[in-house]
Amino acid sequence: MKRVLAGLVSLLLALLPFTPTTAGTDDHGNAPQPWILIDSNRHTLSVIHNGEIQVRFYDISIGRGGIGQLRTMGDSKTPVGEFEVGWINHDSRYTLFFGLNFPNLDYARRAYESQLIGDADFAAIRTALVEGRTPPQDTPLGGNLGIHGIGKAGNPTIHTRFNWTDGCIALTDQQVAVLAKWIDLGTKVIIQ
């Protein structure tokens, strides 16, 4: 049922305007770098470079709470939008962890307008992002979201049948090892 609901939300989000030709370019419009497209409806993660799919992973998992335009700590939703890889943990319990710069400024603005966060949290998030730092991970919006493997304690059967994460995107350990060849700090990640 959760995947059906997530699929309907993804379909609606897919109808929103999206310009993949600008994804992956830097602030100066330089040549595109590899970037990641996560399709929560199809449960795929694709690496895009020079306008072409370089590799696609199937049967990924997202958050137990589905996807959302607004996410709060503990709701287990995977946020939709454009993010960047802000840190990489090679010693994660999930094998590899590519941390996203969540909350980004769009989320922070929506959360502020919805009164989910106050002035101080909004200012702290905005300042961190402007300074190129990881935004605070302990606001009411939560944090520590990223792309990771299943890890040694994970169950591959559960991974292919259920959305099981707390909001992250999960791949098998083998998939995340291949993905590591395409990801670096600053890699764009678009979740739809």
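Bear in mind that the values here come from a model prediction, so they are computed numbers and not experimental data.
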Gap between atom [atom2] of [Y] and atom [atom1] of [X] - 0.5 Å precision:
| X | Y | atom1 | atom2 | value |
| --- | --- | --- | --- | --- |
| Ile36 | Ser46 | CD1 | OG | 8.5 Å |
| Leu116 | Phe122 | CG | CZ | 13.0 Å |
| Ile88 | Asp184 | CD1 | CG | 5.5 Å |
| Arg71 | Thr78 | CZ | OG1 | 7.5 Å |
| Asn104 | Leu141 | CG | CG | 10.0 Å |
| Thr187 | Leu185 | OG1 | CG | 7.5 Å |

Give the minimum heavy-atom separation between [X] and [Y], together with the two atoms involved.
| X | Y | value |
| --- | --- | --- |
| Val176 | Leu171 | N-CB, 4.2 Å |
| Ile67 | Lys77 | O-CD, 4.2 Å |
| Arg64 | Asn163 | CG-O, 3.2 Å |
| Gln137 | Leu145 | OE1-N, 4.4 Å |
| Gly142 | Pro103 | O-CD, 3.9 Å |
| Gln69 | Val80 | NE2-CG2, 3.2 Å |

All side chain to side chain contact (heavy atoms under 4.5 Å, CB included) counterparts of Thr172, not counting sequence neighbours
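With sequence neighbours excluded, Thr172 shows a side chain to side chain contact (heavy atoms under 4.5 Å, CB included) to Ile150, His159, Gln174, Gln175, given in chain and number order.
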
For Ala180, side chain to side chain contact (heavy atoms under 4.5 Å, CB included) partners two or more places apart
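Counting only residues at least two positions away or on another chain, Ala180 forms a side chain to side chain contact (heavy atoms under 4.5 Å, CB included) with Leu96, Phe98.
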
With distance as the sole criterion, is a donor-acceptor pair present between the side chains of [X] and [Y] under 3.5 Å?
| X | Y | result |
| --- | --- | --- |
| Asn89 | His148 | no |
| Thr160 | Asp59 | no |
| Asp119 | Tyr112 | yes |

Has [X] got a side-chain atom pairing as donor or acceptor with [Y]'s backbone, closer than 3.5 angstrom?
| X | Y | result |
| --- | --- | --- |
| Ser40 | Gln192 | yes |
| Ser76 | Gly167 | no |
| Asp173 | Gly151 | yes |

[Y] reachable from [X] in the ILVMFWY side-chain graph, under 4.5 Å edges:
| X | Y | answer |
| --- | --- | --- |
| Trp35 | Ile53 | yes |
| Val55 | Val85 | yes |
| Tyr58 | Trp182 | no |

Take atom CZ in Arg93; do more than 12 heavy atoms of anything else shown fall under 6.0 Å from it?
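Result for CZ/Arg93: open.
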
Please check if atom CD in Glu131 has more than 12 non-hydrogen atoms from other residues, nucleotides or ligands closer than 6.0 Å.
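Enclosed.
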
With side chains defined as the heavy atoms from C-beta onward, is the minimum distance between [X] and [Y] less than 4.5 Å?
| X | Y | answer |
| --- | --- | --- |
| Ile147 | Ile38 | yes |
| Phe57 | Val178 | yes |
| Ile191 | Phe83 | yes |
| Val47 | Arg56 | no |
| Pro135 | Ile125 | yes |
| Leu129 | Asn101 | yes |

All salt bridge (charged side-chain N to carboxylate O under 4.0 Å, His left out) counterparts of Glu52, not counting sequence neighbours
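Glu52 satisfies salt bridge (charged side-chain N to carboxylate O under 4.0 Å, His left out) with no other residue.
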
Could you walk me through whether Cys168 and Phe97 pass the side chain to side chain contact (heavy atoms under 4.5 Å, CB included) test, one step at a time?
CA-CA 10 Å; Cys168 293; Phe97 188 94; 4.0 Å; yes

Parallel, tilted or perpendicular for Phe102 and Tyr107, by the 30°/60° rule?
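Taking Tyr107 first and then Phe102, their aromatic rings stand perpendicular (interplane angle over 60°).
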
